Amino acid sequence: MHTVEKIGGTSMSRFSELMDTILIGERTGEELYNRIFVVSAYGGITNLLLEHKKTGEPGVYARFANAENESAWSEALSEVKARMVEINQELFGDSVERAEADRFITQRIGDVEAIMSNLQQLCSHGHFQLDEHLMKVREMLAAIGEAHSAHNSVLALKKAGVNARFVDLSGWDQPKPLSFDEMIEHSFKDIDFASEMPIVTGYTHCSEGLMRTFDRGYSEMTFSKIATKTGAIEAVIHKEFHLSTADPGIVGLDNVVTIGRTNYDVADQLSNLGMEAIHPKAAKGLRQQEIELRIKNAFEPEHAGTVISTDYCSAKPQVEIIAGRPNVFGIEIFDQDMLGEARYDIELSRLLHDLKLYVVNRDSDANSITYFVAGSRKMVNRAVRLIGEKYDGAEVALHKVAIVSAIGSDLKVPGILAKTVSALAKAGISIQALHQSMRQVEMQCIVNQDDYESAVRALHHALIEQEDHGDVICAA
Ligand SMILES: Nc1ncnc2c1ncn2[C@@H]1O[C@H](COP(=O)(O)OP(=O)(O)O)[C@@H](O)[C@H]1O
Ligand SMILES: N[C@@H](CC(=O)OP(=O)(O)O)C(=O)O
């Protein structure tokens with residue numbers, strides 16, 4: 001009878017507080033056990049190792065993949081190492097644990113650096129193509145982030161007298177990859193959950209390639225697989241805040257309300273906007289095995305948090321969350337030859353996909369299509385250039401926008417559109433585009449990037465604060 005619990009990167013960055021809340025707190029003896037913890041890299045580390053998740057700013061991987069000179073990526077790797085060593089210092093000061101933490105990470109980074117350098121040299125010969133190996137490099141780099149945080153956590157827990165065990169799923173010294181299922185079975189078969197506390201890396205090395213299949217947010221895949229494979233009684237995700245009616249960082253902690261219950265459909269909408277309540281693919285396994293999923297505030301362990309289930313629907317139509325995504329690019333393509341030609345959409349979608357740009361939404365009229373995409377500025381510029389080259393008569397315009405979205409399991413609130421528009425107008429915000437689908441789970445407003453935060457505040461005020469929900473919408 002055990003639980004599987006994931007700790008997100010933002011929370012991991014406040015590790016010493018986690019020791020007093022979810023990791024140890026008031027627990028003694030056997031109360032400490034029967035809990036498996038899956039940890040993410042400390043906040044911002046994976047962004048430095050790969051690329052920034054939201055802005056696309058290049059990290060070590062992106063610099064390596066873009067075949068810039070060697071110094072560009074190795075300098076970036078040294079910066080990550082410096083940041084990791086700094087974290088070790090903050091956690092352990094000048095202790096034995098600190099020396100062990102530094103030794104561990106120095107070795108991992110040194111190994112990866114040597115491999116990347118050799119690979120770069122090898123691929124300077126025409127017989128070897130860098131492209132064919134990039135995914136492996138991406139995986140190796142990502143895995144360092146979770147190995148660092150998991151290893152450190154074990155050091156800190158052992159020091160505090162907990163029988164913690166480092167479960168390294170990153171496959172570091174493994175001769176041959178196993179499948180995802182086998183890797184989890186193999187790694188957990190000898191662990192006694194009743195007397196050991198497994199601290200598991202959020203990255204799993206496996207023959208399917210976790211990064212290839214799921215990319216960022218992969219630690220939730222590891223988490224969900226462990227929960228299903230080990231037959232957990234509950235799966236818990238610990239975050240920095242309660243899942244709230246809006247980002248407390250924007251609207252203010254005093255103004256938001258905790259969401260007590262919601263469904264996987266709402267979670268998918270959040271994830272599309274980049275606020276991963278739970279990775280949609282991770283949710284699937286939990287849903288199928290009917291393992292209850294709970295999202296909790298890592299720093300308020302007594303609070304029941306949010307329960308996500310398949311069948312929940314709010315008792316009356318209401319807006320549950322104002323979410324959004326800043327730093328979106330609107331790529332608008334106007335071409336009179338487009339009229340009645342479906343191939344444009346297919347070709348353009350493929351082009352954006354090939355450039356690894358994520359299409360958050362799109363809209364069209366008779367002779368234009370606009371794609372709202374997230375990704376790096378460089379790739380967006382490339383997309384604009386390629387589209388201009390491909391379609392002679394097309395005019396391509398680029399807009400820097402943000403998406404602000406009202407979401408609810410039943411959004412059929414009378415007059416919601418009018419309320420939304422007037423709230424934004426009252427705040428002096430001009431709406432660039434508006435989307436609402438027939439299914440009525442989400443309504444999206446496209447606004448200028450500079451208006452993002454004020455639009456979130458205005459909509460939260462008009463659609464949620466006025467409703468007087470108290471502390472929690474539908475207690476779990
Ligand atoms: N509706 C919301 N409820 C709670 N937090 C939110 C919400 N929207 C945005 N956030 C922000 O999400 C951040 C946590 O991001 P996330 O990527 O989920 O973290 P983690 O690294 O812990 O997985 C918080 O710092 C908070 O500001
Ligand atoms: N650290 C990884 C994996 C992850 O899932 O992170 P988080 O749990 O902080 O979203 C990433 O940024 O993609």
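Since the structure is predicted, the reported quantities are computational estimates derived from the model, not experimental observations. Each ligand, and each atom within it, is numbered from 1 in the order the structure gives. Positions are given from 1, in the same order as the sequence printed here.
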Side-chain donor/acceptor of T201 to backbone N/O of L169, under 3.5 Å: yes
A323, portion touching ligand 1 at heavy-atom distance under 4.0 Å: neither
Nearest candidate to atom 27 (O) of ligand 1, where distance is taken over non-hydrogen atoms, out of I322, D247, V456: D247
Test: K225 cationic atom under 6.0 Å from F180 six-membered ring centre, within 45° of axis: yes
Polar atom proximity, T46 to ligand 2 (N or O, under 3.5 Å): yes
Heteroatom proximity flag, G249 to ligand 1, N/O under 3.5 Å: no
Atoms of ligand 1, numbered as shown, that sit under 4.0 Å from any heavy atom of P248: 4 (C), 5 (N), 6 (C)
Ion pair check, E139 and K136, cut-off under 4.0 Å: no
NZ or CZ of R287 within 45° of Y264 ring axis and under 6.0 Å: yes
Heavy-atom nearest neighbour in the protein, as seen from atom 10 (O) of ligand 2, with distance rounded to 0.1 Å: K53 NZ, 3.6 Å
Shortest protein heavy-atom distance from atom 21 (O) of ligand 1, along with the residue and atom involved: T10 OG1, 2.7 Å
Under 3.5 Å, which donor-acceptor pairs link side chains of residues 406-417 to any protein atom two or more places apart or in another chain?
unit_1, atom_1, unit_2, atom_2, d
S409, OG, S314, N, 3.0
S409, OG, E320, OE2, 2.7
D410, OD1, K412, N, 3.1

Nearest-0.5 Å distance that lies between atom NE2 in H148 and atom CD1 in I109: 8.0 Å
Option set H238, K239, K6, E220, criterion heavy-atom distance to atom 18 (O) of ligand 1, minimum: K239
Geometric N/O contact G8 with ligand 2, under 3.5 angstrom: no
Subset of ligand 1 atoms that lie under 4.0 Å from at least one heavy atom of E240: 24 (C), 25 (O)
Pi-cation contact, F372 with R362 (under 6.0 Å, within 45°): no
Donor on one side chain, acceptor on other, S179 and D181, under 3.5 Å: no
Nearest protein heavy atom with distance in Å, relative to atom 9 (O) of ligand 2: G9 N, 3.0 Å
Option whose closest heavy atom lies nearest to atom 7 (P) of ligand 2, chosen from S40, S11, G217: S40
Check ion pair R14-E240 (N to O, under 4.0 angstrom): yes
Donor on one side chain, acceptor on other, N263 and D311, under 3.5 Å: no
Nearest neighbour in protein (non-hydrogen) for atom 4 (C) of ligand 2: S219 OG, 3.1 Å
Atom indices of ligand 1, in the order listed, that fall short of 4.0 Å to a heavy atom of G9: 20 (P), 21 (O), 22 (O)
Residue and atom name of the nearest protein heavy atom (relative to atom 12 (O) of ligand 1), distance in Å to one decimal: M275 SD, 4.2 Å
Atom 1 (N) of ligand 1: nearest protein contact (heavy atom, Å): S244 O, 2.9 Å
Donor-acceptor contact below 3.5 Å, side chain E146 vs main chain A41: yes
Heavy-atom proximity to atom 11 (C) of ligand 2, best of K6, E146, R216, H52: R216
Nearest neighbour in protein (non-hydrogen) for atom 4 (C) of ligand 1: H242 O, 3.2 Å
